[in-house]
Structure formats: C-alpha cells, structure tokens
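What follows is a set of notes on a single structure, which appears directly below.
Lettering follows sequence order; numbering is per chain, from 1.
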Amino acid sequence: MVNIFIANLDWSITSDDIKSTFSSFGEVKYAHVVYERETKRSKGFAYVEMADPDEAINAIKALNGMEINGRIVDVKIASEKKNRIKK
DNA sequence: AGTGAGCGG
C-alpha cells in the first residue's frame with residue numbers, strides 16, 4: 001500500500017476523478033479529496049492509496065506535472081500521515 | 001479558496 005499526495009487540483013476535481021485517473025495505472029485502494037472541514041470547500045489536494053508500489057510510482061511519474069483542468073498538479077509520495085500519531 | 005487526511009483498526 002502506497003500513499004500518494006496530489007496537490008494543486010482544480011476545485012472541480014472530485015475523489016472519483018482522482019480514483020479514475022490513478023486507476024489507469026494500477027489498483028486504487030482508496031481515493032480521497034481533502035475538503036475544508038468548516039467551509040466544505042475543496043482544499044485543492046487529495047490522497048490516493050495504491051496497492052502496488054510499482055504502479056504507484058508509475059502513476060506518479062505519469063501524472064506529476066500533468067495539466068488537469070488547467071492546473072499543473074503536483075503528485076508525490078505522501079509520508080506516513082505526516083507522522084501523525086496513530087492512537 | 002490553494003499543500004498532508006481519512007479509513008480501518
């Protein structure tokens with residue numbers, strides 16, 4: 001399982017769009033666009049969890065710097081929840 | 001409006 005971080009997404013991009021895009025490169029276990037909890041508006045970035053590291057890397061290589069809806073997205077490996085404490 | 005969460009556990 002590899003966590004991928006995608007930033008600079010257009011406001012209109014949805015989790016489903018993310019999932020569909022990454023699914024082209026491999027099995028997407030989970031896709032999730034981050035929204036501002038308070039405003040409900042998109043924060044413009046998202047996360048994708050892929051099953052295979054190779055596919056994840058492949059997806060990142062292919063999608064990083066790619067223009068989507070006029071935005072050059074930034075795709076990179078996400079660290080372990082930003083070292084967030086897990087329980 | 002603009003760069004690291006949620007899910008499941």
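- Take A/I68 and apply the side chain to side chain contact (heavy atoms under 4.5 Å, CB included) test, not counting sequence neighbours, and it matches A/I13, A/M66, A/V73.
- Each salt bridge (Lys or Arg N to Asp or Glu O under 4.0 Å) pair with one or both residues in residues 14-27 of chain A, not counting sequence neighbours, appears once here: A/E27-A/K29.
- For A/W11, counting side-chain heavy atoms from C-beta on, the closest listed nucleotide (B/dA1, B/dG6, B/dT3) is B/dA1.
- Partners of A/D54 according to the salt bridge (Lys or Arg N to Asp or Glu O under 4.0 Å) rule, which considers only residues two or more places apart in sequence or in another chain, do not exist here.
- For the pair A/D10 CG and B/dA1 C1', the interatomic distance rounds to 11 Å; values are reported in whole Å.
- Contacts between residues 42-62 of chain A and DNA chain B, counted as heavy-atom distances below 4.0 Å, involve A/K43, A/G44, A/F45, A/Y47, A/E49.
- Atom-to-atom, OH of A/Y35 to C1' of B/dA5 comes out at 13 Å; the value is rounded to the nearest Å.
- Atom pair A/Y30:OH and B/dG8:P shows a separation of 7 Å (rounding to whole Å applied).
- Remark: C1' of B/dG6 and CZ of A/F5 are 14 Å apart, rounded to the nearest angstrom.
- Base orientation for B/dG6: anti, the chi torsion being more than 90° from 0.
- Every residue two or more places apart in sequence or in another chain that forms a salt bridge (Lys or Arg N to Asp or Glu O under 4.0 Å) with A/D74 is listed here: A/K76.
- When the nucleotides B/dC7, B/dT3, B/dG4 are ranked by their closest atom to the side chain of A/N8, B/dT3 comes out on top.
- Near DNA chain B, defined here as any heavy-atom distance below 4.0 Å, there are no residues from residues 13-28 of chain A.
- Applying the side chain to side chain contact (heavy atoms under 4.5 Å, CB included) test to A/T21 and every residue at least two apart in sequence or in another chain returns A/L63.
- Here A/K76 lies in heavy-atom contact (under 4.0 Å) with a base.
- Taking atom CG of A/N3 as the reference point, atom C1' of B/dG8 lies 13 Å away to the nearest angstrom.
- Each of A/R71 and A/H32 has a nearest nucleotide on DNA chain B; the 5'-most of these lies closest to A/R71.
- Look at CE on A/M1: it is 12 Å from C1' on B/dG6, rounded to the nearest Å.
- A/I72 shares a hydrophobic cluster with no other residue; no ILVMFWY side chain has heavy atoms under 4.5 Å from its own.
- Listed by chain and number, the hydrophobic cluster partners of A/F5 are A/V34, A/F45, A/Y47, where partners are ILVMFWY side chains within reach of under 4.5 Å, directly or through others.
- Comparing A/R41 and A/V34 by the nucleotide of DNA chain B whose heavy atom lies nearest to each, the residue mapping closer to the 5' end is A/R41.
- Between A/I60 and A/V2, every side-chain heavy-atom pair lies at or beyond the 4.5 Å cut-off.
- Contact record, A/F22 with A/A59: CD2-CB, 3.7 Å, taken as the closest heavy-atom pair.
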